[in-house]
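Naming: A, B, ... by sequence-line order, numbering from 1 per chain.
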Amino acid sequence: MSTTFAPEVLGAAKAAARAGGQDTYWRGVGRRLLRDRVTLVCGAILVVMALLIVLAPLIAPYGPTDGSIARRLKPIGTPGYLLGTDELGRDMLSRLLYGGRFSWFVGITPVVLAFFIGGTIGIIAGFAGGKTNMAIMRVTDVFYAFPSVLLAVAVSGSLGAGILNAIMSLTIVFIPPIIRVAESVTTGVRNLDYAEAARATGAGARSIVLVHVLPNVLGPIFIYATSLVGVSMIIASGLSFLGLGIKPPDPEWGLMLNTLRTAIYSQPMIATLPGICIFLTSVCFNFVSDGLRTAMDVRA
Amino acid sequence: MLFYIVRRVVYVIPIALAVSLVCFLLVHIAPGDPIDAMVQPDTPQEVIDRVRSEYGLDRPLPVQFGLWLAKLVQGDFGTSLIKGRPVLPDLVSASGATFVLACTGGLLGVLAGCILGGIAGVYRESWLDRVLLGTAVAGVSVPHYWLGMVMVIIFSVNLNLLPAMGSGPGGSTAWAWDWAHLRYLILPSVTLAVIPAGIVTRTVRGLVSDIISQDYITTLRGKGLRRAGIVRHVVLNAAPTVLAVVGLQLANLMGGSILVETVFAWPGTGMMLNTAIFQRDLPVLQATTLLLALFFVVLNLVVDLIQTAIDPRISRR
Amino acid sequence: MTGQPLVRARGLRVSFISREATVTAVNGIDLDLDEGEVLCILGESGSGKSVTLRALLRLNPKGKTVMTGALAVAGHDIMTIPDGRLSAVRGKVVSMIFQEPMTALDPVFTIGYQIAETLIRHEGISRREADRRALELLELVQIPSARRRLGAYPHELSGGLRQRAMIAMAISCRPKLLLADEPTTALDATVQIQILLLLRSLQQELGMGVIFVTHDLGVAGEIADRIAVMYAGRIVELGSTVDVMRQPFHPYTQGLMGATVHSGTRGKRLTTIPGAPPDLRFPFEGCAFAPRCSHASDACRESMPAFRHPGPGRAVRCIRVEDAEIKHSPKRVSAMA
């Protein structure tokens, strides 16, 4: 939840540039990943979670909004309600499964959007240089002047609650840092010798971008974007926690966490379950991102 | 050096203006007529029209921005729709509460981060390093609003040691540095400290392991310095960068404490924002965002200047 | 001169251990240095010459390095001396200068501070006194406007001045032994000569022993009393500078001379040594230079050639060299068992 978007990407850019999409490079990446047990385990957890979420309608024993006050706050392990019931008597397991769909969607979509939008703008800024670069980067600086959570909350608060508004505000939060990374990586690659050489041999701007710059900058930008997913999950659920995301009665982990606050005295275990889901997702994404960074970066 | 300071300060002005513009536009990106955000739904039409011209909402946007800026400079941060009184006094007292919380949380986080990161950096690639780094990643990944709830469950509900809500006995919001108030600060500040602790740990680890592999550390060992003497060099080499990260984290905490303040009902800017969002009190939302963002801009400037002052490697021109 | 040499190494081995491999960078070295003597260790990068130098002060990375053999420096057993007592020797009795003064000096401390720090550590003098001595030292190494330079940061000085400051720091406590790790390599040719001249005059003035590591034969000839040529972690040729320069015996030394421009090669073509040094991760039998040697025979590949002594004070690890009849000084050159 920070704005410390470290500009350590230049090393990665050079590494990727050196490797230049060679077969041996990717084989090396694969070998390093296979040796990295933490990354493998976290990746496996994410895959399982994704499957559970996608298959929620088949797995969930109840509908996400079915419930009766008569059965409210049953403890974990109650027959028929594996993870108990919430404050309105709805099955926790079913709600967590369905809730994951919203949490993942709202958490991941902004990063994907920001990757394409910010990546494009940043590559343009880096490749164009000069005044275009100046203009783009100064505008980026303005958005950098907001703490990320504040910006998300303020935009989302103005737009009002709703999934689309939450996604939009998070996208706005993540575009500037991705622009910065894309710009610095592109500028780095652009100044490398072989790009110079390509220019000297008379290759046009378009062919330089397509053949030389793009393959070498996408990797670092992608890695950086993956490192944002964990943060995005936390802020996205945080927005719901504040009542700015999904509207009840739809389930979403952050929103569930908020409504279950009333239950911390009677069923503390149940009240923390949605948070554990957010934490698990975020931590796994962060470890996988770190693992990818290490595996793709020759320095490490 | 003086020229550098002046240049940096001057450079902040356009940024501050642009930040104000973004905050100004917040009200205008809200769906519907901005006037709806300023008056109660059942207001008669003639009152609406009067308010509209009073606020200049019938004028073009750039003019409105100018008017709004002029009012800002005079200290008019707008008027709360719900309370019907100026935002600024409430905002100032809330900022005080947030400042106390953010500083305490930030300090705890930085302290923990420097110690853990320093250890991890020195014992790089050892099992200890791996454990500390894993802990740091977990720390960065914690949804702190959830962590706050867990802390309340453990320390307030189960152990009944610390209060779960508020910033002082009997719901008082006036802060004082005594134990009666500090008890209220412990849980929220620890909760707030976890993420910066993780970030600082990773930064410091990288810095320290980088520094101790530098040639000049071999020189220092070669000239017979004792461990304490070498540590002094490592610390002073790491200081400028650590300071920058710390400043950024502190600023982030000021703006990012909204979730923790909500969990612990801490009477700061975050609570104010939360209430404003809930009541759709857009002037309050706008003023709070603006104040926090300007604080962020100024803090960044201060950190930058200090960094330049203490780091001989940075050119001062 | 005391009876004991300043440096005495016997069978010194240094290995670096990592998860992937063990690299034996120094593989059994015998070395003696008298007080006030200047020895040059000559070799290309990766020959183990810098590692040898650092081993003399146990400066190779702790925990990853394994040292075996016997090593005594200025009367201290470097193999067993505890860290605390070793740190009292470092910088006081034995000090070191490095190739790249830009990275070897701490960038966030002034030159004056870094010199004074050494003095305070070893002589327990006050900060004021240390500053005064630091100024004298800067003047001794001929840094112009020394008083102003005391407050300068390393990046504010030119490469030559930085190296002078580094030297001032190294000689601040009047060490008996100075270890110099390619101190002129990173400098411009004209500055190189100035630094060499400075080192030579300081060496004579202070009567220090010096071990000088370089890959530059010209530099070695300029400053050294004796030359030790290293290849793949072993000394392959040892002798007085004059002898080695005039008549190198080992094919590797001959190759080095051929690859260097000096007065002896004038009018001849420069030759280069084909091939590359062996990979030290894998143990090998026989002469390490054999794969690159045009004279190599099967005998060369069977076992490591023992030292032969073709003249007084000379030793060569090559089977093509005949032992001379003349009795050599056993103190200077000790044959491998």
Problem - Neighbour count >12 (heavy atoms, 6.0 Å) for atom CZ, C/F16 - result: yes

Fill in the blank from the handout: Assert top hit (heavy-atom pairs under 4.5 Å, partner chain B, pool C/K92, C/M96, C/E117) equals C/E117

Exercise for the section: Determine whether more than 12 heavy atoms belonging to other residues, nucleotides or ligands lie under 6.0 Å from atom CZ of B/R130. Expected result: yes

Handout entry: Other residues, nucleotides, ligands: >12 heavy atoms within 6.0 Å of B/R8 CZ
Key = yes

Exercise for the section: Heavy-atom distances under 4.5 Å only: say whether C/M166 touches chain B with side chain, backbone, both or neither. Expected result: side chain

Practice task
Look at atom CZ of C/R127 and say whether more than 12 heavy atoms of other residues, nucleotides or ligands are closer to it than 6.0 Å.
Solution key: yes

Handout entry: Side chain / backbone / both / neither for C/Q114 at chain B, heavy atoms under 4.5 Å
Key = both

Completion exercise
Closest heavy-atom pair, B/T218 versus C/L59, reported as atoms and distance to 0.1 Å, is O-CD2, 4.1 Å

Problem - Under 4.5 Å from a heavy atom of chain B, the part of C/N60 involved - result: backbone

Practice task
May I ask you to check whether over 12 heavy atoms, not counting those of B/F99, lie within 6.0 Å of atom CZ?
Solution key: no

Practice task
Measure from the side-chain N and O atoms of B/T219 to the backbone N and O of C/A104, and report whether any donor-acceptor pair falls under 3.5 Å.
Solution key: yes

Problem - When C/T110, C/D106, C/T118, C/D83 are compared by non-hydrogen pairs under 4.5 Å with chain B, the top option - result: C/D106

Exercise for the section: Search all heavy atoms of C/F109 against all heavy atoms of B/L236 and return the closest pair with its distance. Expected result: CZ-CD1, 3.4 Å

Handout entry: Close side-chain approach of C/F98 and B/D215, heavy atoms under 4.5 Å
Key = no

Problem - Atom pair CD/OH of C/E100 and B/Y216 - distance to nearest 0.5 Å - result: 14.0 Å

Exercise for the section: Check whether C/R54 gets within reach of chain B through its side chain, its backbone, both or neither, counting any heavy atom under 4.5 Å. Expected result: side chain

Problem - Polar side-chain atom of C/H122 near backbone of B/K223 as donor-acceptor pair, under 3.5 Å - result: yes

Exercise for the section: Grab the two heavy atoms, one from B/R226 and one from C/R121, that are nearest each other, plus how far apart they are. Expected result: NH2-NH1, 3.2 Å

Problem - Atom group of B/L220 that falls short of 4.5 Å from chain C, counting heavy atoms - result: side chain

